[in-house]
Amino acid sequence: MTELKLRLHVEENDNSNRIVNVTKPEFIIGRLPECDLCLPFSEVSRHHARLIKNEAEQWILEDLQSTNGTILNQFQLKSAQSLRNGDVIQIGNTFMAVVLNLPSTAKMTSLGTMKEGKTILRNAEELQQQWIQANDISDPLTTHQTAIFRLQYLVEIAKGLNSAESIEGIFSQVQKVVFQELKSIERLALLVDVGENGKLVLINAASKTSPHTIPEVRDISWISQSICQKVFDEKVSIKLVDAQSDEDFSKEDSILMQGIRGALAVPLWDQNNVVGVLYADARLRLEHADPLDDDDLSFFSTLANLVASSVQRWLLTNKLQEEANIRHKLERYHSPTVVQHLIAQGVLDNGRIVPIETDISILFADIVGFTALSEKLSPQDIAELLNCLFEEMIKSIFEAGGTLDKYIGDCIMAFFGAPEEQPDHADRAAQAALGMLARLDDLNNKKIWQEPLQLRIAINSGKAVVGDVGSSQRVDYTVLGATVNLASRMESVCAPGECIISDATYQRLTHKDHFLPIGEGRFKGIDRPIMIYQTQRHPD
């Protein structure tokens with residue numbers, strides 16, 4: 001039978017440490033006295049959480065819709081979760097470290113050694129259980145006292161990691177514990193699978209002689225890549241006792257050149273997810289002492305389990321922040337519904353929209369006589385005028401499902417047909433143009449400005465390259481190509497307060513009623529005449 005014990009620590013009372021034996025298959029934790037474990041604190045709900053042992057002898061933690069929630073390994077518990085040795089439960093200001101006393105048939109066995117006395121591989125979960133239960137101590141009384149101390153220590157470590165607000169803070173907590181408890185360790189490194197692609201990235205590193213981040217943090221040559229990858233892929237903990245004489249690793253440049261004798265490497269894994277590796281090395285002479293004993297390895301593995309939860313939290317925060325940044329960037333160009341679709345469909349590559357050639361309609365709209373108008377206004381007045389005008393005009397573009405490319409002085413550049421494919425992009429562009437002219441008429445009737453404003457709008461359709469274009473420092477989502485160039489030049493033949501379209505746009509329109517031909521035009525860089533159509537809003 002799998003027995004469960006909870007090591008309790010109340011944050012505001014250092015003398016509150018005690019062990020609670022969970023003897024019932026259903027165990028209720030809450031504020032009421034009749035609960036199996038009563039926590040008489042205001043932040044604890046009457047029936048806060050419960051522990052259930054299932055048919056497979058696994059203990060399950062479930063939140064009972066409490067007011068303030070239940071925390072498991074620094075994460076809010078959203079659904080029932082199975083418990084493992086060393087898990088830390090937080091309810092209000094009470095922390096509980098989990099101790100599972102597994103029957104001998106359920107205990108995991110060692111994976112054995114690669115070279116006896118040189119390199120030892122152990123199952124990470126077994127090592128964690130071993131350290132918590134102090135299995136390496138023969139005296140039962142001493143074993144019990146040591147187990148209590150170790151569980152209390154785990155709670156303190158978990159609290160420190162929980163308070164860390166950045167990956168630097170997490171690493172600072174880890175290096176403080178490691179250099180204090182593992183005297184043999186010379187250097188420490190944290191590697192994380194940031195991209196969730198199985199590739200480990202060195203996040204931070206430190207040495208005992210220089211506790212601050214060491215210069216080598218950007219150079220991973222001092223870290224054994226083969227050891228870290230094996231630990232990551234196979235979920236094993238590795239103790240390297242004498243790397244220099246071990247045929248499996250002695251040929252590695254990182255070990256040979258750095259004079260490394262001993263090394264520890266353990267996986268950062270929470271439940272089924274491996275998020276990285278905690279790696280440490282030592283440059284010692286074996287004549288004096290074995291540089292890394294089994295207890296060091298089991299403690300290092302147990303610590304890594306707590307670190308994994310903190311790293312998971314950091315990765316989740318990073319992911320949410322990245323999505324927020326992408327959303328903020330995209331909302332400069334697209335309507336909120338388009339932005340949501342882009343993110344949901346996963347069309348972004350590292351936050352960028354990959355340039356592609358597609359069929360679009362491009363729209364240019366600028367203010368008639370803006371240069372002369374600018375001479376009459378102060379810079380502040382010009383900025384206020386443009387802000388007000390652009391705010392209204394962009395509504396028509398977004399309502400038609402268009403994308404804002406950029407503002408060019410007093411000009412608005414927008415396009416339709418990307419990033420989402422829109423077979424009716426020409427109709428949408430025409431709809432947006434007519435909407436912009438109607439909005440401007442309304443603003444002029446309300447005498448928003450001292451003098452009425454007029455727009456010239458030109459639309460052209462055809463193939464163009466659309467996507468994120470720029471350098472590593474700055475990227476813009478834009479359109480490129482001859483289709484864009486022609487649309488820009490067409491404005492010169494547009495009458496004030498009207499919209500003109502090219503023949504390419506006219507032929508794509510479903511409803512052509514608003515446009516009439518005004519003749520052929522020739523434009524710089526175009527070796528053929530272009531038939532132009534114009535709206536007939538002011539027939540006089």
Side-chain angles (χ1 to χ4, degrees), residues 1-9 19-23 25-27 29 37 49-63 70-91 94-111 122-136 147-148 150-159 161-162 174 231-232 234-237 266-278 297-313:
M1 174 179 288
T2 305
E3 297 178 358
L4 172 63
K5 296 181 181 181
L6 298 176
R7 171 72 174 84
L8 265 62
H9 173 79
I19 293 285
V20 172
N21 291 313
V22 180
T23 57
E26 182 175 352
F27 192 86
I29 303 173
L37 174 57
R50 69 176 173 179
L51 298 163
I52 303 173
K53 185 164 65 173
N54 63 19
E55 295 179 356
E57 294 285 315
Q58 293 177 318
W59 283 96
I60 309 297
L61 174 64
E62 179 184 10
D63 183 79
T70 302
I71 307 296
L72 176 63
N73 295 329
Q74 307 169 45
F75 283 95
Q76 189 87 19
L77 194 67
K78 296 182 179 180
S79 60
Q81 296 288 334
S82 59
L83 295 175
R84 301 186 311 161
N85 262 314
D87 284 346
V88 177
I89 304 168
Q90 180 184 352
I91 295 179
T94 302
F95 292 80
M96 291 165 272
V98 172
V99 183
L100 288 172
N101 185 20
L102 301 174
S104 56
T105 55
K107 288 184 179 179
M108 304 185 73
T109 60
S110 168
L111 296 182
R122 296 287 301 278
N123 181 281
E125 188 168 5
E126 177 194 7
L127 282 170
Q128 179 187 332
Q129 177 185 325
Q130 172 184 313
W131 189 82
I132 293 171
Q133 297 187 0
N135 291 341
D136 55 330
I148 292 177
R150 288 179 173 180
L151 287 168
Q152 181 179 352
Y153 192 33
L154 278 184
V155 169
E156 294 300 320
I157 294 173
K159 288 165 58 179
L161 290 170
N162 191 41
V174 175
V231 166
F232 182 82
E234 301 180 18
K235 297 181 186 177
V236 294
S237 296
V266 293
L268 303 179
W269 66 304
D270 183 18
Q271 300 298 330
N272 296 321
N273 298 318
V274 183
V275 296
V277 170
L278 199 59
L297 183 60
S298 60
F299 170 72
F300 204 53
S301 189
T302 304
L303 173 64
N305 182 57
L306 296 179
V307 177
S309 298
S310 296
V311 171
Q312 284 269 44
R313 173 167 50 87

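Numbers here simply count residues along the sequence, with the first being 1.
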Identify the two heavy atoms, one from Phe75 and one from Arg313, that lie closest to each other, and give their separation to 0.1 Å. CZ-N, 3.1 Å
Under the side chain to side chain contact (heavy atoms under 4.5 Å, CB included) criterion, do Met96 and Leu37 qualify, and how do the steps go? CA-CA 12 Å; Met96 291 165 272; Leu37 174 57; 3.9 Å; yes
Is the closest side-chain heavy-atom distance between Val98 and Trp59 below 4.5 Å? no
Just to verify, which of Asn73, Leu77, Leu72, Thr94 counts as forming a side-chain contact (heavy atoms from CB on, under 4.5 Å) with Ile89? Leu72
Quick check: do Gln76 and Ile71 have side-chain heavy atoms less than 4.5 Å from each other? yes
Return the minimal non-hydrogen interatomic distance between Leu278 and Phe300, and the atom names on each side. O-CE2, 3.5 Å
What one should report as the nearest heavy-atom pair of Val20 and Phe27 is CG1-CZ, 4.0 Å
Euclidean distance, Lys53 NZ relative to Ile60 CD1, rounded to 0.5 Å: 12.0 Å
Mark yes or no for whether Asn54, through its side chain, and Ala56, through its backbone, hold a donor-acceptor pair below 3.5 Å. yes
Kindly give the heavy-atom pair with the smallest separation between Pro267 and Val236, and that separation in Å. CD-O, 3.4 Å
Closest heavy-atom pair and its distance - Glu62, Ala80: CB-CB, 4.3 Å
OG of Ser310 to CG of Asn305: how many Å apart, nearest 0.5 Å? 10.0 Å
Write down the atom of Leu268, the atom of Ala304, and the distance for their closest heavy-atom approach. CD2-O, 3.5 Å
With distance as the sole test, does Asp63 use its side chain to make a donor-acceptor pair with the main-chain N or O of Ala49 at under 3.5 Å? no
